[in-house]
Amino acid sequence: MASWRQSADTCQLWPSYTSGLIAGMVNVAATFPINKVIFRQQINGLRFYAAVKQVHKEGLLMLYRGMALPLCQKSLQVGLMYGLFETFYKGLPTEVIADHTCRTIVAATLTGISEAFVATPFERGQSLLQTPAFHGKIKNTLDLRHHLTSVQQWYRGLGAILFRNCSTNCLFFLFRTPLRNALPTPQSRKGQFAVDFTCGACLGGANSTLIYPVNVVKSYQQKQISSNRESFFSSCKTVLRERDYKVRKLYYGVQLNFTRALISWGIINATYETCMAVFNSQTIQKHLY
């Protein structure tokens, strides 16, 4: 416990949280319309052009309906992802876990668990606001409290989100540094931004594709307001049955999702590293003067 406190005191961790928060906000503003089309493909099993046509038909005002929740959720989630990882990694006692890989896996898993408990209510509300069946029933974000009246209702889909967050966090933090080192050494700030963007895009695209079927099941669980609770595996069976037991139908929307993830995680990682560089330079200047 003493070593944990000592690590937490000696490391200035607030730049990681702040940089992640800013990166999440920039990402949502840029990718929300793409995410809405993907969501329609997931819940309705639509092909790309059919989903785009459905969203286009609803108009520009409906396009950004439900953005408040993902803006809060994603910025908070990304801030926690980077910040908590640094906190856990640097706070874990070295005499207990000295190996870098083990420390990374433990820190990433603890971060994923923490993220899931924060993010699930946001994702639950976002799913309902983006579901066409509830456009006339749920007026706005604040109106959700009249429809989700218990903790169990808000946390529907938690199991899927726990699995998704822990697995993708481990892969992201394990391979982030090796991938960055494998890329050409940048000679300018623009070059550094490009390297960080490429690193984030590659990892994000791979993670989102691997975990895509889990997100499909999560979306199915969260698009309903019934009192009946299905387990994750029961929901998997239901989704497969609705898709005629064809696994390829679980991947409807994966191409657009991959593209979104490339852009999204490229933006997130590049923005995060840029903000960290700014904060670090300011810290150095304070010590110098």
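Worth knowing before you read on, the calculation uses all heavy atoms, side chains too, and leaves out hydrogens, waters and symmetry mates.
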Within the supplied structure, the quantity of interest is the number of heavy atoms (other residues, nucleotides, ligands) at a distance under 6.0 Å from Phe32 CZ; does it exceed 12? yes
In Å and rounded to the nearest 0.5 Å, what is the CD1 to CG distance from Ile267 to Asp196? 13.5 Å
Test item: side-chain donor near acceptor, Thr111 and Tyr82, under 3.5 Å: no
How long is the gap from NZ on Lys36 to OG1 on Thr31, to the nearest 0.5 Å? 13.0 Å
Without hydrogens or angle criteria, can the side chains of Arg124 and Gln153 be said to hold a donor-acceptor pair below 3.5 Å? yes
May I ask you to check whether Tyr89 and His100 place their ring centers less than 6.0 Å from one another? yes
For the residue pair Gln54 / Arg40, report whether a side-chain donor-acceptor contact shorter than 3.5 Å exists. yes
Residues two or more places apart in sequence or in another chain: which of them pass side-chain contact (heavy atoms from CB on, under 4.5 Å) with Tyr155? Phe117, Thr120, Pro121, Val151, Leu158
Is it true that the side chains of Glu115 and Asn169 contain a donor and an acceptor less than 3.5 Å apart? yes
His147, NE2 atom: more than 12 neighbouring heavy atoms under 6.0 Å: yes
Nearest-0.5 Å distance, CD1 of residue Ile97 to SG of residue Cys102: 7.0 Å
Should the ring pair Phe85 and Phe173 be called parallel, tilted or perpendicular, given that the plane angle runs from 0 to 90° and is split at 30 and 60? parallel
When you check the gap from the basic side-chain N to the acidic O, do Lys74 and Glu123 get nearer than 4.0 Å? no
Any side-chain donor paired with an acceptor under 3.5 Å for Glu86 and Ser16? no
Among all residues two or more places apart in sequence or in another chain, which pass the side-chain hydrogen bond (donor to acceptor under 3.5 Å, both in side chains) test with Arg243? none
